[in-house]
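Naming: A, B, ... by sequence-line order, numbering from 1 per chain. Keep in mind it's a predicted model, so treat the numbers as computed, not measured.
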Number of protein chains: 2
Amino acid sequence: MASSKAVQAHLVAAFRDECRRRGLASTHQREVIYRVAASRIDHPTPEAIYDLVKREIPSVSLATVYKNLNIFLEAGLLREVTMHHGSLRLDPNTHPHHHLVCERCKSIADLPGEGVEPVRIRSKLPKGFRVERYSVEFTGLCPKCAQRQ
Amino acid sequence: MASSKAVQAHLVAAFRDECRRRGLASTHQREVIYRVAASRIDHPTPEAIYDLVKREIPSVSLATVYKNLNIFLEAGLLREVTMHHGSLRLDPNTHPHHHLVCERCKSIADLPGEGVEPVRIRSKLPKGFRVERYSVEFTGLCPKCAQRQ
DNA sequence: TACTGTTTGATAACAATTATCCGCCAATGT
DNA sequence: ACATTGGCGGATAATTGTTATCAAACAGTA
Ligand SMILES: [Mn+2]
Ligand SMILES: [Mn+2]
Ligand SMILES: [Zn+2]
Ligand SMILES: [Zn+2]
């Protein structure tokens with residue numbers, strides 16, 4: 001099995017290539033920010049990444065972390081867990097149901113709970129996680145955005 | 001079929017009962033904020049609700065809207081579309097996969113895409129919506145939080 | 001009507017994120 | 001190796017979304 005360091009070395013090499021391909025300078029800060037973010041499976045916040053990067057580069061600026069994370073998001077090297085993190089979105093539908101989310105205009109439409117066959121889990125869940133409910137988020141283009149595109 | 005006004009009258013009546021049950025004063029502001037939020041199927045932001053309420057109560061304060069929306073959320077009269085709207089959460093896993101979200105500590109764990117049988121849609125989608133991908137969000141308690149109950 | 005705890009509106013404070021600006025450095029060409 | 005230059009990093013101001021504070025007004029109760 002590959003060691004963590006070997007995996008990270010591979011990731012960093014791929015990262016360097018990606019930088020050249022996109023005309024991005026490969027700076028020390030950029031590399032550390034990427035390595036830290038890519039090594040985490042816990043879906044950290046920018047602040048959490050900032051704290052980790054500071055251990056290696058105490059002088060790093062929070063703005064630099066944000067700027068690079070956004071670059072990585074645009075490049076597709078990282079993803080955001082959900083598209084709705086900007087502002088609270090309220091839902092008067094208190095029954096279990098699902099959502100259709102437009103990635104262009106961020107509109108959200110309901111799909112009733114019965115609109116989807118019960119979701120079946122194949123693999124084992126992380127030991128001890130107690131599921132209380134679930135919902136499916138379908139991402140794509142809403143009618144309006146699909147039309148004018 | 002019930003008219004929109006009849007539906008709203010029913011909602012407002014239920015709302016008044018709910019207020020009495022919970023020892024909440026039923027003020028004009030509170031009633032309008034609830035009626036506006038409950039009548040929307042488009043998952044509006046607090047700002048959007050504020051703009052709509054202002055049409056009926058031009059002097060209403062944004063803080064009042066926020067305070068009441070939070071009261072409605074606690075009461076279970078409204079829900080938030082997602083738990084992750086506070087801050088950006090980054091994900092280095094760029095493959096399709098699902099998430100286990102702890103409603104207590106907000107931790108997020110991955111479930112690989114193959115860990116769930118393909119989701120099947122029963123009902124018709126809103127006409128013209130083009131689905132590009134989907135992911136399932138399982139909500140509950142993570143091992144740590146489930147343990148300390 | 002008088003009493004009392006709640007609610008409202010105005011605004012300050014706070015948190016998360018982005019914009020601005022300038023000195024510096026990585027990439028490129030010589 | 002050196003000079004040039006456009007991008008980059010750090011500091012910090014500005015913006016956005018949300019919550020806290022507080023005095024005046026109000027709803028519930030008797
Ligand atoms: Mn909904
Ligand atoms: Mn993930
Ligand atoms: Zn759209
Ligand atoms: Zn937890």
Using atom [atom1] of [X] as one end and atom [atom2] of [N] as the other, report the distance to the nearest whole Å.
{"X": "Leu69(B)", "N": "dT8(C)", "atom1": "CG", "atom2": "C1'", "value": "15 Å"}
{"X": "Glu47(A)", "N": "dA16(C)", "atom1": "CD", "atom2": "P", "value": "6 Å"}
{"X": "Leu62(A)", "N": "dA14(D)", "atom1": "CG", "atom2": "P", "value": "18 Å"}
{"X": "Tyr50(A)", "N": "dT17(C)", "atom1": "OH", "atom2": "P", "value": "14 Å"}
{"X": "Asn70(A)", "N": "dT18(C)", "atom1": "CG", "atom2": "C1'", "value": "9 Å"}
{"X": "Leu73(B)", "N": "dT19(D)", "atom1": "CG", "atom2": "C1'", "value": "14 Å"}
{"X": "Arg20(A)", "N": "dA26(C)", "atom1": "CZ", "atom2": "P", "value": "14 Å"}
{"X": "Arg89(B)", "N": "dA16(C)", "atom1": "CZ", "atom2": "P", "value": "12 Å"}

To the nearest 0.5 Å, what is the distance between CG on Asn93(B) and CG on Leu78(A)?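 Nearest 0.5 Å value for the CG-CG distance: 11.0 Å.
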
For the CG atom of Leu69(A) and the OG1 atom of Thr45(A), what is their distance to the nearest 0.5 Å?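 So the CG of Leu69(A) and the OG1 of Thr45(A) are separated by 9.5 Å.
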
Are Glu103(A) and Arg133(B) within salt-bridge range, i.e. N to O under 4.0 Å?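 Counted as a salt bridge, because a side-chain N and a carboxylate O are separated by less than 4.0 Å.
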
Just by distance, do the side chain of His85(B) and the backbone of His85(A) share a donor-acceptor pair under 3.5 Å?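 A pair under 3.5 Å: no.
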
Between Tyr66(A) and dT18(C), does any side-chain N or O lie under 4.0 Å from OP1 or OP2?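 For Tyr66(A), the contact criterion (side-chain N or O under 4.0 Å from OP1 or OP2 of dT18(C)) is not met.
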
Can a side chain N or O of Ser87(A) be found less than 4.0 Å away from OP1 or OP2 on dT18(D)?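 Checking dT18(D) against Ser87(A), a side-chain N or O does come within under 4.0 Å of OP1 or OP2.
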
Is there any protein nitrogen or oxygen under 3.5 Å from a nitrogen or oxygen in nucleotides 7-11 of chain D, and what are the pairs?
{"residue": "dC8(D)", "atom": "OP1", "partner": "Ala25(A)", "partner atom": "N", "Å": "3.2"}
{"residue": "dC8(D)", "atom": "OP1", "partner": "Arg30(A)", "partner atom": "NH1", "Å": "2.8"}
{"residue": "dC8(D)", "atom": "OP1", "partner": "Arg30(A)", "partner atom": "NH2", "Å": "3.4"}
{"residue": "dG9(D)", "atom": "OP1", "partner": "Thr27(A)", "partner atom": "OG1", "Å": "2.7"}
{"residue": "dG9(D)", "atom": "OP2", "partner": "Asn68(A)", "partner atom": "ND2", "Å": "3.4"}
{"residue": "dG9(D)", "atom": "O3'", "partner": "Gln29(A)", "partner atom": "NE2", "Å": "2.9"}
{"residue": "dG10(D)", "atom": "OP1", "partner": "Gln29(A)", "partner atom": "NE2", "Å": "3.2"}
{"residue": "dG10(D)", "atom": "OP2", "partner": "Ser61(A)", "partner atom": "N", "Å": "3.2"}
{"residue": "dG10(D)", "atom": "OP2", "partner": "Thr64(A)", "partner atom": "OG1", "Å": "3.1"}
{"residue": "dG10(D)", "atom": "O6", "partner": "Lys67(A)", "partner atom": "NZ", "Å": "3.1"}

The side chain of Ser26(A) is closest to which nucleotide in this list: dG17(D), dT18(C), dA27(C)?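 Closest of the options to the side chain of Ser26(A): dA27(C).
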
Take Glu31(B) and Arg35(B) through the salt bridge (charged side-chain N to carboxylate O under 4.0 Å, His left out) test and state the conclusion after the steps. CA-CA 6 Å; Glu31(B) 225 175 271; Arg35(B) 175 159 40 77; 5.8 Å; no

Over 60° means perpendicular and under 30° means parallel, so tell me whether Phe72(B) and Tyr34(B) are parallel, tilted or perpendicular.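 Perpendicular: the ring planes of Phe72(B) and Tyr34(B) meet at over 60°.
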
Step through it carefully: locate the ring centre of His43(B), locate the ring centre of His99(A), and say whether they are under 6.0 Å apart.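 Yes - the distance between ring centres of His43(B) and His99(A) falls below the 6.0 Å cut-off.
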
